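Take a look at the structure set out below.
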There are 2 protein chains.
Amino acid sequence: MTTSLSDIAERAGVSIKTVSGALHGGSARMSEQTRLRIKEIAEELGYVTNLAARGMRQGWMPLIGVVADDLITSPFATEIIRGLDGAARAADMAVFAMTLGGGRDVASVLEEVRRFRPRAIAYAAMYHKTVSLPAEFAETVGVMINCREANDKVTSLVPDEIGAAHEITSYLIEAGRRNIAFINLPGLLAGELREAGFRRALEEAGLDAGRARVLPAVRRAIYSDRAHSLVLSHVTALMDGPERPDAILCGNDRVAMEVYAALRRVGAQIPDDVAVASFDNQVDIASRLDPPLTTMALPHRAMGRLAADILLAENAAPGEVRKLAFQLVERSSV
Amino acid sequence: MTTSLSDIAERAGVSIKTVSGALHGGSARMSEQTRLRIKEIAEELGYVTNLAARGMRQGWMPLIGVVADDLITSPFATEIIRGLDGAARAADMAVFAMTLGGGRDVASVLEEVRRFRPRAIAYAAMYHKTVSLPAEFAETVGVMINCREANDKVTSLVPDEIGAAHEITSYLIEAGRRNIAFINLPGLLAGELREAGFRRALEEAGLDAGRARVLPAVRRAIYSDRAHSLVLSHVTALMDGPERPDAILCGNDRVAMEVYAALRRVGAQIPDDVAVASFDNQVDIASRLDPPLTTMALPHRAMGRLAADILLAENAAPGEVRKLAFQLVERSSV
DNA sequence: CATCTCTACCCAATCGGTATCCTCGAGTCA
DNA sequence: TGACTCGAGGATACCGATTGGGTAGAGATG
């Protein structure tokens with residue numbers, strides 16, 4: 001049997017309430033002596049607070065529920081959780097994640113989470129997208145992380161794709177690069193927005209955005225000649241063409257990895273001949289490439305942290321969309 | 001305010017107990033008609049069970065606590081969770097993970113988990129290793145996943161590294177390969193065990209295990225000439241040497257990726273000249289290599305599932321070490 | 001008719017904290 | 001001296017679900 005407050009109270013010869021106050025009450029009125037004695041006894045008896053009991057009384061458990069798009073798998077998702085967890089922990093809360101997938105729909109997963117009476121619930125997407133949450137959940141879910149709620153009924157936290165593309169492009173321009181090609185991810189919201197930021201930065205620098213080359217990568221391929229061929233042919237065409245680029249911006253680090261291989265094959269030096277920059281800061285890749293890759297780090301941890309802050313402060317502004325800045329990670333590919 | 005059983009009871013004109021029975025009691029004695037009516041009302045009122053209340057009554061929450069080595073990050077860890085989650089869900093339980101790291105020690109994380117009164121607790125490691133759990137937690141933690149408890153006080157679930165290496169090696173031999181080199185991971189328990197299995201399979205096939213070449217890979221490098229060089233030089237030396245191997249077994253898929261690159265560079269065809277096989281089945285890599293890689297899939301999901309089964313059945317045999325079989329995934333690199 | 005057995009429920013205790021309302025004695029102040 | 005405050009802590013009512021111990025009424029049985 002686990003020890004409860006009453007066991008401690010009995011042993012200490014005080015009331016349960018006094019024990020509760022001594023152990024949890026921040027500044028309950030009682031002599032420091034009593035408090036200390038009670039804490040000692042609690043320690044001795046191996047007391048562990050029963051959060052289910054407290055939770056029942058308060059009406060909620062010290063939990064932040066997270067409904068995730070898909071099983072938490074990528075390093076990015078991990079960062080979101082890490083951010084949430086850090087902020088939650090500071091408030092003596094824990095993060096409790098459940099995932100969709102496997103035929104489960106939002107409604108049932110949400111109910112599963114709600115059974116535990118979390119203080120607040122967030123919805124997290126694996127990659128930046130627009131999610132349409134059934135209207136009846138707009139009040140249940142406090143924050144959308146890494147996705148925007150289609151009907152703007154919920155506060156949404158998303159990466160500032162446009163700003164990031166603008167920043168990295170400007171960075172390349174400041175480094176003296178004038179002819180920047182962009183091998184982008186096709187079919188993704190992030191790619192679309194990044195392209196916009198890219199073009200705007202070019203325009204602001206007085207470069208001809210209309211003639212900028214934006215080419216699609218393909219999202220599969222490691223060392224496969226077939227799949228590789230698209231990025232390879234892009235790079236080859238660029239480097240053999242009349243206007244050799246002096247910089248290539250990549251849709252993400254994975255694309256950059258392929259671009260590195262392609263540049264190596266055509267005999268171009270990074271960064272002397274061509275600078276390479278990218279998005280994501282997937283550390284496994286970016287820091288191990290040779291030379292290490294300069295890339296814009298996704299603000300996943302910041303989104304997690306902010307989400308927890310908003311949820312715990314209960315000051316979500318429904319419908320607001322907050323764009324979080326990427327962080328430029330300078331390595332040596334520019 | 002959230003609705004409770006008493007709200008439903010009032011509305012339905014029955015007692016709370018009847019409502020409880022109708023909603024949760026599998027086969028409580030009551031007319032089907034009453035049960036249906038109560039369910040309807042519950043639905044209408046948007047009733048969601050309060051697990052904190054139930055948990056308090058029962059003494060435990062329907063949770064399986066997991067203390068993880070490090071923040072759940074790799075696809076492997078995900079598989080463990082998936083396995084746990086599947087089995088837990090079947091018992092109407094949820095998985096609740098907390099991670100070490102960030103200066104937290106096992107004792108404090110364990111207490112944090114215990115506050116939620118989980119039904120059972122597992123300890124999961126990110127990669128196969130030996131973990132020494134302080135003796136006082138041997139009873140708290142029911143199962144060790146992907147690691148072996150140093151003092152054998154706890155049931156441990158680990159991958160059968162020896163068996164897997166034996167199986168894949170035998171598979172290569174059956175495919176007619178006679179001269180198999182092994183580029184292994186250095187400094188890891190898994191690598192050590194795999195080498196043992198590798199040698200045993202050679203011996204059993206009557207091949208000279210003493211002369212088998214087992215070489216260390218290095219665990220960093222993507223497209224970096226420097227870091228690559230070790231695997232590359234191994235492969236080059238093997239292929240240029242007097243006894244060209246007709247198969248290369250790799251410590252993991254990542255090593256295999258480098259071996260592919262090296263073989264491509266020296267102009268060898270996979271699998272015609274050299275078969276390649278590996279461990280892990282990191283799908284991202286294995287299925288995208290060209291040709292797709294034959295590899296032994298780690299039994300992470302099975303470990304998770306079995307862990308949950310053991311914990312829920314409460315039939316852990318403290319000190320037992322169960323080795324789970326890898327699964328051969330045949331693709332076309334052999 | 002008395003008794004027995006079901007069926008279909010109800011009553012009330014209980015789990016472990018938290019919070020509200022009291023009490024009690026000692027000191028304070030006019 | 002009487003009214004008051006204040007510090008320290010007691011008694012007890014919750015929170016919402018589960019559950020052991022009933023019980024009233026209908027039908028069956030002897």
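First the proteins, then the strands, lettered A, B, ... as listed; each starts at 1. For clarity, every value in this text was computed on a predicted model and none was experimentally measured.
- For B:Thr34, whose side chain is taken as the heavy atoms from C-beta onward, the closest listed nucleotide among C:dC9, D:dA17, C:dG17 is C:dC9.
- In terms of phosphate contacts, A:Arg54 brings a side-chain nitrogen or oxygen within less than 4.0 Å of OP1 or OP2 of C:dT18.
- When all heavy atoms of B:Cys147 and B:Tyr123 are compared, the pair lying nearest together is SG-CD2, 3.9 Å.
- When each of C:dT18, C:dG16, D:dA17 is scored by its nearest atom to the side-chain atoms of B:Met56, the top-ranked nucleotide is C:dG16.
- Residue A:Ser15 places at least one side-chain N or O under 4.0 Å from the OP1 or OP2 atom of D:dG10.
- Between the CG atom of A:Asn50 and the C1' atom of C:dG16 there is a distance of 6 Å, rounded to whole Å.
- Rounded to whole angstrom, the span from the CG atom of B:Leu36 across to the P atom of C:dA8 amounts to 14 Å.
- A:Arg115 has its CZ atom 13 Å from the C1' atom of D:dA17, to the nearest Å.
- Here the side chain of A:Leu5 is nearest to one of C:dT18, D:dG10, C:dC10, namely C:dT18.
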Kindly give the atom pairs (protein nitrogen or oxygen, nucleotide nitrogen or oxygen) under 3.5 Å for nucleotides 25-27 of chain C.
none

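- Listed here is the closest heavy atom pair of B:Tyr47 and A:Glu111: O-OE2, 4.4 Å.
- Side-chain proximity of A:Val14 to C:dC15, C:dT18, D:dG10: nearest is D:dG10.
- The NZ-P distance, from A:Lys17 to D:dG7, rounds to 14 Å in whole Å.
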**Report entry** Chi angles and distances behind the side-chain contact (heavy atoms from CB on, under 4.5 Å) call for A:Leu324, A:Leu298
**Finding:** CA-CA 9 Å; A:Leu324 280 84; A:Leu298 281 162; over 6 Å; no

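- The separation between A:Ile8 atom CD1 and C:dG17 atom C1' is 11 Å, rounded to whole Å.
- For D:dG10, one of the phosphate oxygens OP1 or OP2 lies less than 4.0 angstrom from a side-chain nitrogen or oxygen of A:Thr18.
- Side-chain contact of A:Arg148 with A:His128: a donor-acceptor pair under 3.5 Å is absent, judged by distance alone.
- Across the interface with DNA chain C, nearest-nucleotide mapping of B:Val19 and B:Ala53 shows B:Val19 to be the residue nearer the 5′ end.
- Using a 4.0 Å heavy-atom distance criterion, A:Ser6 is classed as making no nucleic acid contact.
- Regarding B:Leu23, its CG atom lies at a distance of 14 Å from the P atom of D:dT19, rounded to whole Å.
- In this structure, the CE atom of A:Met61 is 12 Å from the P atom of C:dT18, given to the nearest Å.
- Straight-line distance from the CH2 atom of A:Trp60 to the P atom of C:dG17: 16 Å, rounded to whole Å.
- Contact annotation: B:Gln33 side-chain N/O to C:dA8 OP1/OP2 distance is not under 4.0 Å.
- A cation-pi arrangement is absent between A:Arg117 and A:Trp60, since the terminal nitrogen or guanidinium carbon is not both under 6.0 Å from the aromatic centre and inside a 45° cone about the axis.
- With hydrogens and angles ignored, the 3.5 Å screen pairs a side-chain donor or acceptor of B:Arg37 with a backbone N or O of B:Ala12.
- Among the atoms of the strands shown, base atoms are found under 4.0 Å from some heavy atom of B:Ile16.
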Report task. Test side-chain contact (heavy atoms from CB on, under 4.5 Å) on A:Lys153 and A:Val141 and set out the steps. Result -> CA-CA 10 Å; A:Lys153 290 287 190 192; A:Val141 174; over 6 Å; no

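- Using a 4.0 Å cut-off between a side-chain N of Lys or Arg and a carboxylate O of Asp or Glu, B:Asp85 and B:Arg305 do not qualify as a salt bridge.
- Phosphate proximity of C:dT14 to B:Gln58: absent, as no side-chain N or O sits under 4.0 Å from OP1 or OP2.
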